[in-house]
Amino acid sequence: RLMLEIQINASVFWFLGHHGQLSLSAVFLDEYRDRLFLGGKDILYSLLLGPTSSESKEIYWPPLPGNREDCIQTGKDPQTECANFVRLLQPYNRTHLLACGTGAFQPMCAFISVGHRGEHVFTMDPLNVESGRGKVPHDPSFPFASAFSGGELYTGLTADFLGRDSVIFRSMGGRSTMRTETDQKLLHDPKFIAAHLIPDNDDRDNDKVYFFFTEKATEAGDREGSIHTRVGRVCANDVGGQRVLVNKWSTFIKARLVCSVPGPHGIDTHFNQLEDVFLLRTKDERNPDVYAIFSTISNVFQGFAVCVYRMADIREAFNGPFAHKEGPDYQWGAYEGRVPYPRPGVCPSKITNQPGREFGSTKDFPDSVLQFARSHPLMWRPVFPALRQPVLVKANIPYKLKQIVVDRVEAEDGHYDVMFIGTDSGTVLKVIALQGGNSLEMEVVTLEELQVFKVPTPITSMEISVKRQAVFVGSPAGVAQVKLHRCETYGKACAECCLARDPYCAWDGSSCSRYTPNSKRRFRRQDIRHGNPVLQCVDQSPGDLDVTEDKVVYGTENNSTFLECVPRSPQATVTWLVQRDDRKDEVKLDDRVMSTDQGLLFRRLFRHDEGVYICRSREHGFTQVLGRITLEVLQGETVDELMARDNAGLSDSFKDRSRTWFKDIMQLIGPSNLPHVEEYCERMWCNDKLRRKHKSMLEKYRQAQESARKARSKNSGERNRTPRDLSAWEE
Ligand SMILES: *[C@@H]1O[C@H](CO)[C@@H](O)[C@H](O)[C@H]1NC(C)=O
Ligand SMILES: *[C@@H]1O[C@H](CO)[C@@H](O)[C@H](O)[C@H]1NC(C)=O
Ligand SMILES: *[C@@H]1O[C@H](CO)[C@@H](O)[C@H](O)[C@H]1NC(C)=O
């Protein structure tokens, strides 16, 4: 029951499409209209996000007539390739969205009427479909990034059928289409991850579009297959050159993004492969923080890291020297010659357009500038992350980090960036990284680990809604909405709330609840940095610290049994004590008695295991008793005997109930011999006291049933580490 409650709290809403597999491939969260737009295979959905429910509309959007057949003819897969996979959903104007799909290897785009705020319009004119070439890739599996600004669409993709023409495009709007030259110096087998327009200053002429991608790194020398992550940019007002670079970018430059940790023998371990980028926008729109997930491409070591970059550092690399190589036999170095004016990468603006130096457009740039830009697209200095190290590193984990969104949360002692990281196994990790007082070491605190999708499915999109205080988590299977915070699940004591170290939550004197800064309530207890309840909760009643639950669990001799005890904080370590005859000893763990994340597992129960088990959690020097479980071991006597001994002298209704009870318990513990069940029966429900306490008997019965059920499911070959299962696909 508890599990189910948590499930409902964790994902309050999910959507699987109307026709089985959604094959989700594009998401746009419209905070203004309170709508979530989804694109899948031959389909578009609009979900109206109400406070409690969601109303959905759909548009069927298959490839144009004949294209599907043509695609199959070329040998492509009818299911996974020859359909219209929607890859792009962008707001276009006040009433329309722009949608583009692969159209069975014939990319196409259409405008979708979504109406004004408050009305749920969702229609497409099937006749008004145009080519999507250069807007989305032909192949649904190819990486791709886009940004829409000022009526124009910026894309980084492969724009041909074979997937060889890697290019950064600008299309739509009034100006002529722009693209990168086909030159491996500019883009070498790039894999585009993200694109964003980020202004430089108040002069709109300095607006730049940034692309985040990985590519083959020519400068890495002979090491075949070396991949580097790049940040590249173009000026939004780039219109190409007059004689050279006609309709080609004249302001494109790129720099390496480094994400590494010091390794043994002074050799750094580099995380070179970019997986996802999230722009944490702040009040200063020129300086968002760039959060990026990286992975290693090594065969021996599988690792992931999150690095954070400051725009100032990115700009500094672009203002620094250009990378240069004199000839094939020379080393790469910083270009030390004269750089022509206007310096490549600088946008035509008030600064370049002064009397005597009139460069009002890239068409006015001297040929020497364009030649230099063409031959020196790479900067010499890389961009290092803030603090020169990742905020999070995960190595040798049984899952992959795929998606990231970040929320900046105001807490009692400043702000914290809470990361929500989606994995390839359907889970979302909620994490904060704290910098230790004097050391540079980062302390990573996992606040929650949510199994959003019951089936292990890769998370392919995440959209954060600060307005709704939720994250929309997308996978090929569907979309779920996960709350940013669930303070109430951290328990009913000040200490637990404090130990959770969740910046969203604080102890308000009576419960763990959402912390709101500047609120008038004076009694707020929170300690994210140290999670020290001894200081925070010292004046709270001492009984507060122990949240003991007393339970009785019945197990069968020679069979398995499970004593559940899950600490509320993933950082806590659990120890088990067993109490017999006033002596408390630590439980000896071995192959037979194992401590798991969820509790204590007896793979085979012995008679002498009987006792009172105490589950104690420890975190930051703070110890807390989480539960006291009395373990009873059932043994001896046959079922038949038991049934024969019937319940003489009991009322009929009680007899009936006890019979069912017997039947149930027999089903649970199997048809084996049960010696001393009689004795157990005495204790349980045959004595006068308990007979009077009908209710408590039934309660205990339920508990016995519950723990037997758990013991069975825990023992049926589950993996050792199960994140708290919070999904509710079938329930
Ligand atoms: C938005 O764009 C669509 C497609 O070009 C057009 O039909 C519609 O009139 C535009 N709406 C507004 C409000 O400009
Ligand atoms: C449990 O196993 C032991 C040793 O195999 C055996 O002697 C005993 O009878 C078994 N008890 C039950 C209840 O099956
Ligand atoms: C152990 O429990 C299972 C499931 O409750 C049951 O099927 C099996 O017979 C039991 N084995 C013994 C030895 O009691």
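As the structure lists them, so they are numbered: ligands from 1, and atoms in each ligand from 1. The chain is numbered in sequence order, starting from 1.
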Measure from NZ or CZ of R179 to the centre of the six-membered ring of F169, then state whether that distance is under 6.0 Å and the direction lies within 45° of the axis.
-> yes
Looking at the rings of F192 and F213, which for Trp means the six-membered one, are their centres under 6.0 Å apart?
-> yes
side-chain hydrogen bond (donor to acceptor under 3.5 Å, both in side chains): pairs with one or both residues in residues 130-139, sequence neighbours excluded = D139-S141
Identity and separation of the nearest protein heavy atom to atom 1 (C) of ligand 1 | N93 ND2, 1.4 Å
Below 4.0 angstrom from a heavy atom of F111, which ligand 1 atoms are there? Numbered from 1 as shown, please.
-> 4 (C)
Protein heavy-atom partner closest to atom 13 (C) of ligand 1 - residue, atom, separation in Å | T95 OG1, 3.7 Å
To which protein heavy atom is atom 5 (O) of ligand 1 closest, and what is the distance rounded to 0.1 Å?
-> Y92 CE2, 3.9 Å
Identify whether the distance between the nearest side-chain nitrogen and carboxylate oxygen of R117 and D34 falls below 4.0 Å.
-> no
